[in-house]
Structures are given as C-alpha cells and as structure tokens.
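In this chain, numbering begins with 1 at the start of the sequence shown.
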Amino acid sequence: MKYVIGIDLGTSGVKTLLVGHDGSIVSSAQVSYTPDFYPGGKVEQKPIVWWENTLKVLKDLMEKNPEAKGNVTAAAVSGQMHSSVFLDSNNEVIRPAILWNDTRTTAQTKEIVERAGGVKVLLGLTCNLALEGFTLPKILWLKENEPENYAKVNKVIMPKDYINFMLTGNIKTDVSDAAGTLLFDVRNCRWSGELCARMGISPKILPEVIPSTGFVGTVKQELCEELGFEPGAKIIAGGADNSCAAIGNGVIKDGQGVISIGTSGTVIGYVGDIKSEVTGGVHLFNYSAPDSWYAMGCMLCAGEALNWTKRTFFESLSFDELNVLAEKAPAGSGGLLFLPYLFGERSPHNDPDARGAFIGIFGGCEKGNIIRSVMEGVAFAVRDMYEEVVKFTDLNEIFITGGGAKSNLWGQICSDILNRPLKVLNVSEGPSYGVALIAMVGSGAAPGFEEAKGGKVKVVKEITPSENVEVYKKFYPVFRQLYKSNKENFKLIKEILKNKKTK
C-alpha cells in the first residue's frame with residue numbers, strides 16, 4: 001500500500017498520522033514541547049524546536065511502521081495560525097517566533113484600526129477584526145520595538161510554512177494560513193496591497209500564496225533517505241489547524257459545519273460565497289477546500305471550564321462521576337447559570353475583560369447543579385457562536401467533536417440548546433487527519449476529499465433534540481442578557497485590580 005502523512009504542528013506538541021491511500025488511519029506518533037512564556041503576555045518559541053521534534057516524530061512513526069518505508073508518497077502540515085516566523089535574506093531565522101497566544105500587541109491592534117481608516121474599512125479589506133493574536137500586529141511590534149531585527153526581515157511565514165521550507169527548501173503559504181495574518185484580502189484571495197501600504201509594510205516580505213492542496217515542492221533527497229519516504233515524495237501546502245480540523249471532521253461542502261468542544265471551543269461553517277455583511281462577530285477565513293471560505297466562532301474556554309470546575313470543587317471525582325452527578329440535575333440546573341468567560345471571550349463579544357460567573361445560586365443547590373450549569377453555560381456560548389456563523393451559511397448537517405462528543409450528556413445538552421441534530425464521526429484525529437486528506441488530494445492520490453476518505457469515515461452516532469429544548473429556549477435569552485448586564489462591571493473590576501497593583 002502507498003501512504004501519506006499528516007503532520008499537525010501545535011503550540012505544545014507535534015503529531016503525525018500515517019494514512020493509507022484508501023483513507024484508513026494506520027498509525028500515529030506524537031511528541032510534546034513547551035513554548036517560552038515571559039512577563040507581559042509574551043509567548044515565543046524557536047522554530048528549530050518545531051523542526052527537530054517534527055523530524056523526531058516522523059522517524060518514530062516510520063520505525064513503528066516498517067511497511068511504509070519507501071511507500072510514503074506525500075505529506076502535508078497543519079499548523080497553529082497567526083504565529084510569525086521572521087526570516088532574513090539567507091532564509092535564516094532572525095529571532096524566536098512570536099506565537100498566536102502572545103498578547104503584547106494591544107497598542108498595535110489599535111494602531112492598525114486607526115491607520116486602516118476605522119473598523120468598517122478594515123473589515124472591508126480583510127473580513128476580520130484586529131486582534132492581538134494575528135500576524136500583522138506582531139510585524140508592527142517588531143518594526144517598532146526591534147528595528148534592527150525588522151531591518152533584516154526578508155520573509156514572514158507561519159509555523160507550518162517553516163516546516164515545509166525545511167523539508168523542501170521552498171517558501172510558500174496557503175490561503176487558510178494567509179487569511180489569519182490580517183494582511184490578506186479574504187474575499188479576493190490575495191494579499192491586500194492597500195492595507196500593506198497603509199501599514200507601511202512591503203508586500204515583498206509576504207510569501208507566495210497557493211491553495212491548501214497546492215504543491216510546495218519535493219522532499220529533499222537526503223531527507224527522503226533519512227526518513228524512508230519514497231524518492232521525490234511531495235509536500236502539499238496544508239493549512240491552518242482549524243481549517244484542517246474541519247476537513248477532517250467532514251466539512252467539505254455547503255451546509256456542513258462542526259462544533260468542537262476541546263480546551264477552547266469553535267463553531268465552523270462552510271461558506272460557498274460571502275453574501276452577508278461582515279461585522280466581525282466571527283472570523284471569516286479562506287478554507288482548505290477549493291474556492292471556499294469558512295465562518296468560525298471561537299470561545300476561549302470550553303472544555304477547560306469543566307476542567308477548572310473539577311480542579312476547584314471536585315478534585316477527587318473522575319469526569320465519569322461528574323457526568324453522573326450532572327445527569328441527576330434538571331435541565332436548566334434549577335436556575336443556576338454559568339458564564340464561561342474565564343479568560344475573556346472572543347466570539348461574539350471580543351471582550352478580553354469578560355469574566356466567568358455563577359448566577360442564581362440557591363440554598364438547595366447541589367453538586368450536580370453546579371456541574372450541569374457549567375456544561376450548559378458552555379453550550380449556551382456555543383449557541384452564541386452558532387447564531388453568528390449561520391448569518392453566512394445555512395447549516396443542515398452539523399458534526400460535533402471533542403468533549404461534547406465524548407460525553408453523552410454534554411452532547412445532548414448542545415443538541416437541545418441548539419435545537420439541532422448533531423452527528424458524531426468514528427474519526428476524532430482532527431487536524432492531522434484533515435491535512436492527510438489534503439496531502440492525498442494535492443498529490444493526486446485522490447480526486448477529492450470524499451474519495452480520499454474512501455468510505456472509512458462514518459457517522460457512528462446522531463444526537464437528536466429532546467424534550468428539554470423548551471426549557472433551554474426560556475433560559476437562553478437570560479444567559480445572553482447576563483453578559484450585557486455585567487459587561488461594565490467586568491471593566492470596573494479590571495480597573496480596580498489594575499489600580500491596586502500600581503499602589
């Protein structure tokens with residue numbers, strides 16, 4: 001059999017997946033690493049760490065599967081979005097990469113809006129708001145704070161592009177990663193020369209953009225020999241992690257979407273054409289499927305809210321025991337509501353000052369009420385994102401993955417609050433499987449994503465709304481009002497704490 005490899009380059013580790021040309025998942029290997037955290041919200045990492053660990057995990061994967069030696073025809077990389085790798089004219093790394101979760105660039109985000117001509121103009125140029133995580137603020141930060149390093153910059157690329165460069169010697173990016181830089185004209189699928197000019201940035205430092213299924217180059221001969229790949233193995237562009245994850249979770253045509261409840265949470269919907277007004281309530285990016293986009297709502301605290309609840313209140317209990325207690329509580333948790341904004345919030349509020357809260361605590365409140373209210377609070381926030389996503393696309397088939405799929409109760413709560421059936425697939429590999437499918441299509445091993453799966457991906461469970469829909473219909477408006485009622489209080493709390501620190 002011939003094989004492709006999907007590589008998922010994450011913030012805290014890299015995972016590889018060996019996939020047969022028939023779409024079957026054969027084997028996986030992964031390794032962990034830790035970014036470098038500094039005061040002031042600075043998060044960095046040396047790109048060489050990614051490369052050394054990618055090589056290590058590829059060798060581990062091939063050693064575990066000797067039958068793949070000489071039979072790997074292609075590979076592609078899925079990577080963390082927005083993080084910036086700065087290269088000089090010799091394609092050497094100038095300084096450690098500034099990661100997506102680095103928050104040092106608040107001043108630069110404000111500067112971007114002003115120089116662009118306001119939020120509405122910026123949305124018109126890029127379809128996205130200026131947020132600290134994006135690449136453009138990082139470039140401006142470098143220009144303003146490390147001018148000696150900025151003067152050396154010849155190219156700015158994303159993490160997965162660096163791995164592709166190390167494998168092939170060629171520098172290119174794909175549309176889905178380019179869309180997350182805040183320098184890309186998402187509607188017209190090209191770098192925005194107008195925005196570059198307003199920001200004082202030369203478009204020459206930006207890489208060539210190709211489709212996610214586009215050809216970057218062949219793996220260097222010495223690496224093919226070292227890794228055991230087929231001579232001339234192809235490297236396909238790959239894509240941004242969320243885009244690749246959606247591909248891996250079955251979102252390949254109009255009407256399809258996926259809800260992911262991991263540490264954070266997302267709602268993604270396939271968009272065949274941008275017809276609605278872009279307001280910034282969700283991200284709008286170019287997709288890894290041809291000639292398409294995706295609307296994505298992102299919440300910063302989803303599964304982590306339940307992890308926090310367990311650590312804080314129920315450390316001795318297992319997650320299975322938490323589920324049992326929550327199942328005993330009624331829908332609506334007896335009127336106890338939870339705001340899951342433990343780290344601020346992205347969609348739809350874009351409010352870093354937002355905070356979590358339990359509201360409606362009563363004398364008869366039991367453990368199950370607390371646990372269930374956390375699950376419900378996350379699901380209500382998912383509904384908030386869903387309402388923004390469906391402004392761009394009619395979702396008639398929705399998949400669910402992550403904690404929401406593993407917990408029968410949580411999945412049911414999500415289905416009830418959305419009042420939509422949700423499908424669970426037999427594949428939960430996310431970005432690494434999605435980017436393996438991209439490698440298959442891009443290398444010609446399959447004509448399209450449906451064929452690439454080869455019938456190996458199936459729906460194993462469908463969650464349908466229950467009688468609790470009516471209860472949640474009444475509580476959802478209350479949940480929405482709670483953020484609005486407390487928005488200014490959250491800001492006051494921040495000011496109090498800030499003033500306390502300065503005294």
Side-chain angles (χ1 to χ4, degrees), residues 7-15 32-38 40-47 49-50 53-54 77-87 93 95-109 112 126-142 156-164 173-184 186 206-207 238-246 260 262-266 268 280 282-286 288 294 296-302 304 343-347 350 352 430-432 435:
I7 304 167
D8 180 29
L9 184 71
T11 311
S12 56
V14 58
K15 177 178 180 179
S32 298
Y33 44 69
T34 304
D36 299 318
F37 295 91
Y38 301 99
K42 298 179 181 180
V43 189
E44 299 182 350
Q45 195 156 47
K46 293 179 180 178
V49 172
W50 303 330
N53 280 284
T54 298
V77 186
S78 158
Q80 44 169 299
M81 295 181 73
H82 316 307
S83 302
S84 52
V85 180
F86 303 104
L87 301 179
V93 174
R95 70 176 315 284
I98 303 176
L99 301 195
W100 64 273
N101 51 348
D102 185 289
T103 59
R104 75 183 76 179
T105 57
T106 300
Q108 284 72 34
T109 59
I112 289 166
T126 69
C127 291
N128 290 284
L129 297 171
L131 300 173
E132 285 88 347
F134 286 1
T135 313
L136 173 56
K138 297 173 174 55
I139 297 173
L140 292 182
W141 183 91
L142 188 75
V156 181
I157 59 175
M158 275 59 75
K160 70 107 170 55
D161 305 323
Y162 178 75
I163 299 301
N164 287 344
T173 194
D174 84 297
V175 293
S176 66
D177 237 355
T181 62
L182 204 66
L183 281 167
F184 201 62
V186 167
L206 304 173
D241 51 4
N242 286 306
S243 181
C244 294
S260 174
T263 303
S264 57
T266 57
I268 290 175
V282 291
H283 301 310
L284 197 62
F285 295 137
N286 303 82
S288 291
Y294 65 106
M296 181 178 75
C298 178
M299 60 184 294
L300 298 178
C301 184
E304 178 57 26
F343 309 113
E345 191 53 294
R346 284 273 190 95
S347 306
N350 290 311
S432 53
V435 83

Whether the D174 and S176 side chains hold a donor-acceptor pair (N or O, under 3.5 Å, no angle test) is what I'd like checked.
yes
CD1 on I98 to CG on L142, rounded to 0.5 Å:
6.0 Å
Can you name the closest pair of heavy atoms from I112 and P137 and give their distance?
CD1-CG, 3.6 Å
According to salt bridge (charged side-chain N to carboxylate O under 4.0 Å, His left out), who are the partners of D177, at least two apart in sequence or on a separate chain?
K160
Using 0.5 Å steps for rounding, measure from the CG atom of D8 to the CD atom of Q80.
9.5 Å
Decide yes or no on side-chain contact (heavy atoms from CB on, under 4.5 Å) for S264 and L300, but give the supporting numbers first.
CA-CA 5 Å; S264 57; L300 298 178; 5.6 Å; no
Drop me the distance from T105's OG1 to I139's CD1, to the nearest 0.5 angstrom.
11.5 Å
By salt bridge (charged side-chain N to carboxylate O under 4.0 Å, His left out), E132 pairs with (sequence neighbours left out) none
T11 to Y33 - nearest heavy-atom pair and separation:
O-CE1, 3.4 Å
Got L183 and F134 here, is their nearest side-chain heavy-atom distance under 4.5 Å?
no
What are the two closest heavy atoms between G133 and K138, and how far apart are they?
O-NZ, 2.6 Å
Rounded to the nearest 0.5 Å, the OH atom of Y294 sits from the OG atom of S288 at a distance of 7.0 Å
Contact check, side chains of S243 and F285, non-hydrogen atoms, under 4.5 Å
no
Answer yes or no: is there a donor N or O on one side and an acceptor on the other, between the side chain of N286 and the main chain of V186, under 3.5 Å?
yes
Could you state the interatomic distance from SG (C127) to CG (L182), rounded to the nearest 0.5 Å?
10.5 Å
One pair to check against side-chain contact (heavy atoms from CB on, under 4.5 Å): W100 and V43. What are the steps and the verdict?
CA-CA 8 Å; W100 64 273; V43 189; over 6 Å; no
Worked check of side-chain contact (heavy atoms from CB on, under 4.5 Å) between L9 and T54:
CA-CA 8 Å; L9 184 71; T54 298; 4.0 Å; yes
Any salt bridge (Lys or Arg N to Asp or Glu O under 4.0 Å) involving residues 96-108? Give me the pairs, sequence neighbours left out, ordered by first then second residue.
E44-R104, D102-R104
Search all heavy atoms of T135 against all heavy atoms of H82 and return the closest pair with its distance.
OG1-O, 2.8 Å
Given side chains that start at C-beta, do those of I268 and M296 come closer than 4.5 Å, heavy atoms only?
yes
If you take all heavy atoms of C244 and P431, which pair is closest and at what distance?
CB-O, 3.8 Å
Is the shortest side-chain heavy-atom distance between L87 and V93 below 4.5 Å?
yes
Let's go through T181 and M158 carefully: what are the C-alpha distance in whole Å and the side-chain angles of both, what is the deciding distance for side-chain contact (heavy atoms from CB on, under 4.5 Å) to 0.1 Å, and is it a yes or a no?
CA-CA 9 Å; T181 62; M158 275 59 75; 3.8 Å; yes
With rounding to the nearest 0.5 angstrom, report the CZ to OG1 distance, F343 to T263.
9.5 Å
When every non-hydrogen atom of T173 is compared with those of P207, the smallest separation belongs to CG2-CG, 3.7 Å
